[in-house]
Amino acid sequence: PAATDPLADALQVGAPVGLLGFQAHTRRRNRANGFVSQRLDGGFGVQVQESFGNCPKYIQAREVTPVNGERSGQVQEFDRLEGDAQRLVAQADTFFIASAHPEAAGNTNMQPGYGVDVSHRGGKPGFVKVETDASGRTRLLVPDFMGNFFFNTFGNIALNPRVGLLFIDYASHDLLHIAGQAELILDGPEVDAYAGAQRLLSVVVEQARLRRNALPLAWSEAEASPFLTHTGQW
């Protein structure tokens, strides 16, 4: 990872890691969990302990092409979402979420049930609601639709509310990293307000990092998932 990536200092040998193999144009995804086995000048190695496929629901199909050119390296950091960062989240149809078992960092025996995980979330553009509470903090509200019933992410959150989110600006190649505290909302008027939602994920933003022109990939226009037809909008 680049020096400005939040993972740059975290990928030490022995650290638990979650991977997501994601092929957007075929809507194929596969999760893998394990541990960093080596650090190299050009990357790192992972000892995989678990790997499993996920259903293609809610993935927007996009063709992706590597691009050459200088990455800008420009970084902005903040503790709430404003300006371009807020617009990116408010218009998004996709993001990625990382979660961890509370004992993941101390899991020296490398038991697979106590690791970290990363997953995909998709919806109609604008499916992530951005709010500002009375103290000025940013709160994200995300509908959760019927999936594969693994509950890897939500199982972790039920034990450990810390999450990391990644949003991609597919036009500008910007990356927005968010660290926050998550909460599951299982029922009530907020859940009822969004058609198709079985529950909601609430994330209060604690830190955010916007990395300009950081992703060396070009993306086609999105082909919306057919499973989104019967979901609502805020």
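Positions are given from 1 along the sequence.
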Any side-chain heavy atom of [X] within less than 4.5 Å of one from [Y]?
X: S220; Y: R62; value: yes
X: F78; Y: V205; value: no
X: L201; Y: V163; value: no
X: Q207; Y: E77; value: no
X: Q49; Y: N33; value: no
X: D84; Y: D174; value: no
X: E223; Y: H25; value: no
X: T94; Y: H120; value: yes

Please give me the minimum heavy-atom distance between [X] and [Y], naming the atom from each residue.
X: P16; Y: A104; answer: CG-O, 3.6 Å
X: A197; Y: P143; answer: CB-CB, 3.8 Å
X: R71; Y: N68; answer: NH2-O, 4.3 Å
X: P1; Y: A8; answer: CG-CA, 3.9 Å
X: S99; Y: T153; answer: OG-CA, 3.7 Å
X: N160; Y: A100; answer: ND2-O, 3.1 Å

Among the clusters formed by ILVMFWY side chains lying less than 4.5 Å apart, do [X] and [Y] turn up in the same one?
X: V118; Y: V36; value: no
X: V130; Y: I185; value: yes
X: V75; Y: L88; value: no
X: L186; Y: F151; value: yes
X: V64; Y: Y170; value: yes

| message | For V203 and V142: C-alpha separation, side-chain torsions, deciding distance, then whether side-chain contact (heavy atoms from CB on, under 4.5 Å) applies. | response | CA-CA 8 Å; V203 178; V142 185; 5.7 Å; no
Please check: side-chain N/O of [X] versus main-chain N/O of [Y], any donor-acceptor pairing under 3.5 Å?
X: R211; Y: H177; result: no
X: R39; Y: L11; result: yes
X: T138; Y: L81; result: yes
X: K124; Y: T231; result: yes
X: H173; Y: L217; result: yes

Quick check on [X]: does its [atom1] atom have over 12 non-hydrogen neighbours (other residues, nucleotides or ligands) under 6.0 Å away?
X: D9; atom1: CG; answer: no
X: D133; atom1: CG; answer: yes
X: E131; atom1: CD; answer: yes
X: Q12; atom1: CD; answer: yes

| query | Between Q86 and R80, do the side chains contain an N or O donor and an N or O acceptor separated by less than 3.5 Å? | reply |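 No, because no side-chain N or O of Q86 sits under 3.5 Å from a partner of the opposite role on R80.
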Gap between atom [atom2] of [Y] and atom [atom1] of [X] - 0.5 Å precision:
X: T26; Y: E63; atom1: OG1; atom2: CD; result: 9.0 Å
X: D117; Y: F154; atom1: CG; atom2: CZ; result: 11.5 Å
X: I157; Y: N152; atom1: CD1; atom2: CG; result: 11.0 Å
X: Q198; Y: F145; atom1: CD; atom2: CZ; result: 10.0 Å
X: N213; Y: Q74; atom1: CG; atom2: CD; result: 10.0 Å
X: D79; Y: R137; atom1: CG; atom2: CZ; result: 11.0 Å

If you look only at distance, which donor and acceptor atoms sit under 3.5 Å apart when one is on a side chain in residues 51-60 and the other is two or more places apart or in another chain?
unit_1, atom_1, unit_2, atom_2, d
S51, OG, N30, ND2, 2.8
S51, OG, R31, O, 3.4
N54, OD1, R31, NH1, 2.7
Y58, OH, M146, O, 2.6
Q60, OE1, S225, N, 2.9
Q60, NE2, Y58, O, 3.2
Q60, NE2, D93, O, 3.1
Q60, NE2, G123, O, 3.3

| Between R29 and S119, is a side-chain contact (heavy atoms from CB on, under 4.5 Å) present by the stated rule, with each step listed? | CA-CA 9 Å; R29 57 177 169 155; S119 186; 3.8 Å; yes
| query | Name the one of L166, L140, V128 that satisfies side chain to side chain contact (heavy atoms under 4.5 Å, CB included) with F95? | reply |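 Running side chain to side chain contact (heavy atoms under 4.5 Å, CB included) over L166, L140, V128 with F95 returns exactly one hit, V128.
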| request: Quick one: list whatever passes side-chain hydrogen bond (donor to acceptor under 3.5 Å, both in side chains) with R199, sequence neighbours left out. | output: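 With neighbours one apart ignored, the set is D144.
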| message | Using the side-chain hydrogen bond (donor to acceptor under 3.5 Å, both in side chains) definition, which of the options Q181, R139, E183 pairs with S202? | response |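 It is R139; the other options fail the test.
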| task | Anything under 30° is parallel, anything over 60° is perpendicular, the rest tilted; go ahead and classify W234 against Y194. | result |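 Correct class here is perpendicular.
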| task | Carefully, step by step, assess L165 and R121 under the rule side-chain contact (heavy atoms from CB on, under 4.5 Å). | result | CA-CA 10 Å; L165 310 180; R121 288 290 186 273; over 6 Å; no
